[in-house]
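Here's the structure we're looking at; comments come further down.
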Amino acid sequence: MDKRPFPAWSWSVEQCLKEYNAKLDKGLSSYQVEKQREKYGWNELAKEKGKPLLRLVLEQFDDMLVKILLVAAFISFILAYMHGSESQESGFEAYVEPFVIVLILVLNAIVGVWQETNAEKALEALKEMQCESGKVLRDGYIVPDLPARELVPGDIVELQVGDKVPADMRIAALKTSTLRLEQSPLTGEAMPVLKGTSPIFPEECELQAKENMVFAGTTVVNGSCVCIVVCTGMNTEIGKIQKQIHEASLEESDTPLKKKLDEFGSRLTTAIGLVCLIVWLINYKNFLSWDMVDGWPANLCFSFEKCTYYFKIAVALAVAAIPEGLPAVITTSLALGTRKMAQKNAIVRKLPSVETLGCTTVICSDKTGTLTTNQMSVAEFFTLGGKTTTSRIFHVEGTTYDPKDGGIVDWTCYNMDANLQVMAEICAVCNDAGIFCDGRLFRATGLPTEAALKVLVEKMGVPDAKMRNKIHDSQLAANYLIDRSTIKLGCCEWWTKRSKRLATLELDTVRKSMSVIVREPAGHNRLLVKVTVIPFF
């Protein structure tokens, strides 16, 4: 049973906890969890029933031209059956014409059904945005990998960098100085959003204004926090999006192309019908004759064989006038357009939608994820010389998170000097981002800028053999030999295990820097600082 969620963003943390009778240090009890599940159900998106295959097939024939071709094919088949034995043609040759027409219609239906089925599967991508598990506090104990579908409102969940949010939640406490989430899947915001715990007024506000809420499907890119689950399943913001998509799919409206084709089909049907009737009536003397007796027709002579012969000629004229190749050409053209859009990650539910897009005069689009990819890469970096004060600028190729995509132009610094070593160490260790491989694509968790710096470290490599020999743990050096096409980044792993992080001061909008204290292999502590510089133009 669903219950309308309360405006948690405008309530204090204590009020939210009281609403669910939960405790921040203990979470919900097992009994409370069962009661909440009976009330709210499982934390999963509803699976809408798709159209039956038979209905999808029949919808492909709901077109004026297709109906005309079906009638023409049926009449051609009947006439071929009736007169096949009288002609010199073999059995198959007599049915060539209706067979070709039916074949075109079947191919047209197959392409249409295939495309709509693929669109239905693509819409299932919304469910992939859901988190699989989470770190939850229940009965006073931490459950590190509780399946996300088992969450209920009132659960206490801990989020860390790289975690995907499993439900809509109210932030109860920050465990770090700052907390940022990437909300581009919901709001299209290119930059991560800074979050806090203070109540937001008024109650009616936009999604972007709810700075004390985290939403299902978004990702933590900086910091960690403790949250209270508020909305689950279809009550979440991503659940509302799925509901809107499903409602939109039920709306049936003719596209400009379908309207024009229906109008063309109606006019063509009328014209062909009149022409065929006229052609058949013109030849009436060949199958109907009579004698005139006292000014009145007598001795009527009717030849059914000749009547059907000329009727067959009229039907053949009608079939010839019908552009039976038009549905196939239109379907092929739209299918090619759909395929091209699919390569750009655009979901096309029905083939005519491609033509509708072509008729669009104004497109209002957010740039993140549409005009841009929400990814960053290092284009060039600057350091001083190793033994001199000479400045050096290195140009970097590649625009993705794949370490093998491009490299550093004219890179001859495999035996890196002290300045390059410090730069690589800071980029690798003073960094909370991560890189993972999703099929053939490399994706990032955390801030896009930090992910770009980690990719740069992979392209730079590690210090020379003398530097690696100073590492006492042979396993650390072995990590460098990990293939860079795998998920684990060998060079970054080498640096992070060499310089172990002891403390972190997260990136702050006031300080505009991130700092970490690391312990060197020799036992000394060092402070590594990464400063964000805003250029002025």
Side-chain angles (χ1 to χ4, degrees), residues 1-9 20 28 33-52 56 116-136 138 143 145-157 159 162-171 181-189 193 206-208 210 213-220 227-251 342 345-350 366 368-369 438-439 443 445:
M1 182 178 70
D2 293 335
K3 180 182 178 183
R4 188 178 182 274
F6 63 93
W9 56 91
Y20 298 114
L28 295 176
V33 170
E34 291 300 324
K35 287 296 183 181
Q36 291 291 78
R37 184 166 295 127
E38 291 178 4
K39 182 183 294 185
Y40 297 99
W42 297 96
N43 179 32
E44 57 186 2
L45 298 180
K47 186 175 183 180
E48 306 293 346
K49 292 183 179 180
K51 294 180 181 178
L56 287 176
E116 189 157 348
T117 303
N118 281 354
E120 294 288 347
K121 292 179 180 179
L123 292 176
E124 291 293 320
L126 280 176
K127 294 191 176 182
E128 296 180 2
M129 295 175 63
Q130 287 187 296
C131 177
E132 295 181 357
S133 61
K135 188 176 181 181
V136 184
R138 282 185 179 176
V143 183
D145 294 308
L146 182 75
R149 72 184 298 267
E150 297 183 10
L151 287 175
V152 296
D155 266 327
I156 307 300
V157 179
L159 296 176
D163 288 348
K164 187 171 287 188
V165 181
D168 288 3
M169 301 186 289
R170 168 70 157 88
I171 301 174
L181 277 87
E182 181 188 352
Q183 295 188 165
S184 57
L186 289 179
T187 62
E189 295 168 282
V193 180
E206 297 179 351
L207 194 67
Q208 294 88 334
K210 300 175 183 178
M213 296 285 294
V214 293
F215 303 101
T218 60
T219 307
V220 181
C227 304
I228 307 168
V229 177
V230 176
C231 298
T232 58
M234 294 300 291
N235 288 327
T236 61
E237 293 297 330
I238 194 173
K240 295 175 183 177
I241 292 176
Q242 175 173 315
K243 184 178 180 181
Q244 291 172 354
I245 291 177
H246 178 66
E247 291 175 352
S249 68
L250 299 178
E251 297 178 2
N345 298 321
I347 299 176
V348 179
R349 191 178 184 87
K350 293 186 178 181
D366 179 78
T368 305
D438 182 12
R443 302 186 183 276
T445 58

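- R138 and E150 get closest at one heavy-atom pair: NH2-O, 2.9 Å.
- The backbone N or O of T219 lies less than 3.5 Å from no partner atom in the side chain of E182, so there is not a single donor-acceptor pair.
- Of the inter-residue distances, the one linking K243 atom NZ with N235 atom CG reads 9.0 Å to the nearest 0.5 angstrom.
- With T218 as the fixed residue, the side chain to side chain contact (heavy atoms under 4.5 Å, CB included) test singles out one of I238, L186, V193: L186.
- In this structure the side chain of K135 never reaches within 4.5 angstrom of the side chain of V143, judged on heavy atoms.
- Considering only heavy atoms from C-beta on, L207 comes within 4.5 Å of F215 through its side chain.
- Distance CG/D163 to OG1/T445: 9.5 Å, rounded to 0.5 Å.
- The backbone N or O of A46 lies less than 3.5 Å from a partner atom in the side chain of Q242, making a donor-acceptor pair.
- Using a 30° and 60° split on the angle between ring planes, Y40 and Y20 fall in the perpendicular class, above 60°.
- Note that CZ of R37 is 13.0 Å distant from NZ of K35, once rounded to the nearest 0.5 Å.
- A8 and M213 get closest at one heavy-atom pair: CB-SD, 4.2 Å.
- Rounded to the nearest 0.5 angstrom, K210 NZ and T187 OG1 are separated by 12.5 Å.
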Would V214 and D168 count as a side-chain contact (heavy atoms from CB on, under 4.5 Å) if you check the C-alpha gap in whole Å, the side-chain angles of each, and the deciding distance to 0.1 Å?
CA-CA 6 Å; V214 293; D168 288 3; over 6 Å; no
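- Looking at T232, V229, V230 one by one, the single match for side chain to side chain contact (heavy atoms under 4.5 Å, CB included) with D155 turns out to be V229.
- Taking every heavy atom of both residues into account, C227 and L159 meet most closely at SG-CD1, 4.0 Å.
- A donor-acceptor pair under 3.5 Å is formed between the side chain of N43 and the backbone N or O of A148.
- Cation-pi contact between R170 and W9: absent, since separation from the ring centre below 6.0 Å together with deviation from the ring axis within 45° is not met.
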